[in-house]
Amino acid sequence: MSRFVDLLLRSAAQSPRGMTTGEPHEPVRRTWSEVHAVARRMAADLVAGSDELPGLQPGTSVAVLAGEPALIAPAAQAVWLCGGSVTMLHQPTLRTDLAEWAEDTVRVLKMIGAGLVLLGPPFDPLADVLTQRGITVRPIAGLGASLGEDEPLPDVVNDEDDTALLQLTSGSTADPKAVRITHRNLYANLTAMVEASQLRVERDVMVSWLPLFHDMGMVGFLTVPMTVGLELVTVTPSDFISRPLLWADLISRYGGTVTAAPNFAYSVLGRQLARAEEGSLDLSSMRFALNGAEPIDPDAVESFTSAGARFGLRKECVVAAYGMAETALGVSFAPIETGLQVDVIDADELEANRRAVPATPGSDRQVRRFPLLGPPLPGLTARVVDTEGRVLGDREVGAIQLHGESVTPGYLTVDGPLATQDDEGWLDTGDQGYLVGDTVVVCGRLKDVIIMGGRNIFPTDIERAAGEADGVRAGNAVAVRLEAGSGVGLTKRESFVVAVESRKAGDTEAEELIRKDVTSRVFSSVGVRPARVAVLAPGSLPKTPSGKLRRAATRTLLED
């Protein structure tokens, strides 16, 4: 068997730890050995099949659509025990057009060659929507229910290069794409993350609300604890959204030591903590609060740690990270117990000369602040290259490339498989950044860079400035690059448009004040004015299923 499956089985047999689900109303804890026993029964049922359904064959792609981690954990494990691969489908929300969702989902299922969809609450009613389109569906809840406690493992050989996960990307285009994560990739990355974060079975308690259709949730806060045998307390994203302070409450009550989230969630929690009753929480146990999956705002991190300080939260627990599905999850972690470290650099040198020159203290020149994201995880190597492929030196800005056992061999697309590595095994991440020694710094996505007057301006700088304007919803500002002659901004040269969400949208006078404020703040921050500021109603900006703002889709929205 593969090293990944071998480690999974050893943890199931040896670890006394487990997962707690059902908070805050009906918490239930199951040890990993109990989860594994359920997985074995599910696996036996899947292999046996039925009169109507053939048994699951090794190499089959199995999609999962369910909301409860208590069901997803044994179901995913069962598929791996059968030699199949797991794909977590994007979940419809209350505002989703189900007919449109079904067509998109069928397209994804055809792309990955799915032989089966495992369906669980609250999505059971969608069974008919899928079966009417020729999709084979089985309910998770009934799998293995009639089988005994000690079902034998399926007689399956898992090769290191077999597919373990097909992670759907949450990119900015309408065309679906899945990252093929092999057993080799998964084992290499999860063991590297365990080493870098110094996870210990005897001391650590992981707390999460992250969606399991996103790699940070599925790999980092389900596969890792299940495979290594760590204690896990997990709730659903809807639990967090309905009551953000639940996240801190779980850390307090369970003595959580490890958690993770994108930057916006720390910003939300910081505001909640600022209003929380004195002495109502104890966050002193937290030692590893990973911030990743989207650009890290140092001000938001400072607000979070400051608000949490009166509950015992230490600023040193924050870990800035860089990751992507193309490496299973992690690329680099900042060193633990150092807190957020920021590189303050000269803006003119960055934008005009593509060099990250440290800013002179006391100077009146504009600066840019980028979090230091730590060295690559064990087994990964990072380098920065220019447009000609020349390897750049320290603090020279270019394309970030990665090499190592964690790196995916390719994508599945609607047009067929697509390789990700060049002839020497290097992956182009699509991100622009630089190295400070062995420390990775990410500036932004190459496709999103705004070029004006020979300057390379990263949209995150514009978006942070726009987000500070009065009336703009936090985290809901997008800067969109405009090509010369684009009708979106009525500009004859390359420029950009800023789109923001506001509850005051529709009020003509309020909108005009917001436009002026955004324009002023953006000009003050980056020295250029947007061609246009669009003020939109809440919920208007296109987002990925994991909540990231989609710049390309925003451009299309503005054009329409």
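Keep in mind that what you see is a predicted model, and the values were worked out from it rather than measured.
The CG atom of L116 lies 8.5 Å from the OG1 atom of T60; values are rounded to the nearest 0.5 Å. Taken from CG in L65 to CG in L118, the straight-line distance is 10.0 Å, to the nearest 0.5 Å. Summarising the geometry, atom SG belonging to C82 is positioned 5.0 Å from atom CG belonging to L56; distances are rounded to the nearest 0.5 Å. A distance of 9.5 Å separates OG of S11 from CG of D6, quoted to the nearest 0.5 Å. Of the inter-residue distances, the one linking S61 atom OG with L109 atom CG reads 8.0 Å to the nearest 0.5 angstrom. Of the inter-residue distances, the one linking I140 atom CD1 with F123 atom CZ reads 10.5 Å to the nearest 0.5 angstrom.
Salt-bridge check for D45 with R138: passed, with a basic side-chain N closer than 4.0 Å to an acidic carboxylate O.
Results of the side-chain contact (heavy atoms from CB on, under 4.5 Å) test with M206 over T259, L222, L232 single out L232 as the only residue that passes. When each of T413, D415, V414 is tested with K177 by the rule side-chain contact (heavy atoms from CB on, under 4.5 Å), just one qualifies, namely T413.
A donor and an acceptor atom, one from each side chain of Y322 and D431, are located under 3.5 Å apart. With hydrogens and angles left out, the side-chain atoms of T234 and W209 include no donor and acceptor closer than 3.5 Å. Neither side chain, D297 nor N263, offers a donor N or O lying under 3.5 Å from an acceptor on the other. A donor-acceptor contact closer than 3.5 angstrom is absent between the side chains of E160 and Y187.
Between V86 and L166, the closest side-chain pair of non-hydrogen atoms is not below 4.5 Å. At least one side-chain heavy atom of C443 sits under 4.5 Å from a side-chain heavy atom of F370. Contact check for V497 versus R481: no side-chain heavy atoms found under the 4.5 Å cut-off. The side-chain heavy atoms of T429 and E326, taken from C-beta on, include no pair separated by under 4.5 Å. For the pair S85/V79, no side-chain contact is recorded, criterion being any heavy-atom separation below 4.5 Å from C-beta on. Within the 4.5 Å cutoff, the side chain of V391 has no heavy atoms near those of the V384 side chain. For the pair L435 and V441, the minimum side-chain heavy-atom distance is 4.5 Å or more. Side-chain contact between L377 and S406 is absent, with no heavy atoms from C-beta onward closer than 4.5 Å.
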Which is it for Q91 and F213 under the side-chain contact (heavy atoms from CB on, under 4.5 Å) test, yes or no, and what are the steps along the way? CA-CA 8 Å; Q91 300 172 357; F213 55 77; 3.8 Å; yes

Report the C-alpha separation of Q432 and R354 in whole Å, then their side-chain angles, then the decisive distance to 0.1 Å, and conclude whether the side chain to side chain donor-acceptor pair (under 3.5 Å) test is met. CA-CA 10 Å; Q432 292 281 290; R354 297 178 64 76; 2.2 Å; yes

Quick one, M218 with L329, criterion side-chain contact (heavy atoms from CB on, under 4.5 Å). Give me CA distance, side-chain angles, the key distance, then yes/no. CA-CA 9 Å; M218 183 60 187; L329 177 57; over 6 Å; no

side-chain contact (heavy atoms from CB on, under 4.5 Å) evaluation trace for M19 with T21: CA-CA 6 Å; M19 67 184 299; T21 58; 3.6 Å; yes

L380 and V407: side-chain contact (heavy atoms from CB on, under 4.5 Å), yes or no, with the steps? CA-CA 8 Å; L380 278 172; V407 176; 3.9 Å; yes

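No donor-acceptor pair under 3.5 Å is formed between the side chain of S540 and the backbone N or O of L536. T408 contributes a side-chain N or O that, together with a main-chain N or O of R180, makes up a donor-acceptor pair within less than 3.5 Å. With hydrogens and angles ignored, the 3.5 Å screen pairs a side-chain donor or acceptor of T131 with a backbone N or O of D128. Not one N or O on the side chain of T163 forms a donor-acceptor pair closer than 3.5 Å with the backbone of T182. Between the side chain of E405 and the main chain of G379, no donor-acceptor pair closer than 3.5 Å is present. Checking side-chain atoms of W32 against main-chain N and O of L230 turns up a donor-acceptor pair under 3.5 Å. The backbone N or O of T236 sits less than 3.5 Å from a side-chain atom of D239, completing a donor-acceptor pair. Of the possible polar contacts, one joining the D386 side chain to the R390 backbone as a donor-acceptor pair under 3.5 Å is found. Using modelled atom types, no side-chain atom of R555 and backbone atom of R551 make a donor-acceptor pair closer than 3.5 Å. Side chain of E501 to main chain of G539: a donor-acceptor pair is present (N/O by atom type, distance under 3.5 Å, no hydrogens or angles).
Taking each heavy atom of P92 and L126 in turn, the nearest pair found is CG-CD1, 3.8 Å. A pairwise comparison of heavy atoms in A39 and A78 identifies O-CB, 3.4 Å as the closest pair. Looking at every heavy atom in both residues, V472 comes nearest to A466 through CG2-O, 3.8 Å. Closest approach of P176 to R107, counting heavy atoms only: CD-NH1, 3.7 Å. The heavy-atom pair separating H36 from L81 by the smallest distance is CE1-CD1, 4.0 Å. In terms of heavy-atom proximity, N185 sits nearest to P409 at OD1-CD, 3.4 Å.
Between F4 and W80, the gap from one ring centroid to the other is short of 6.0 Å.
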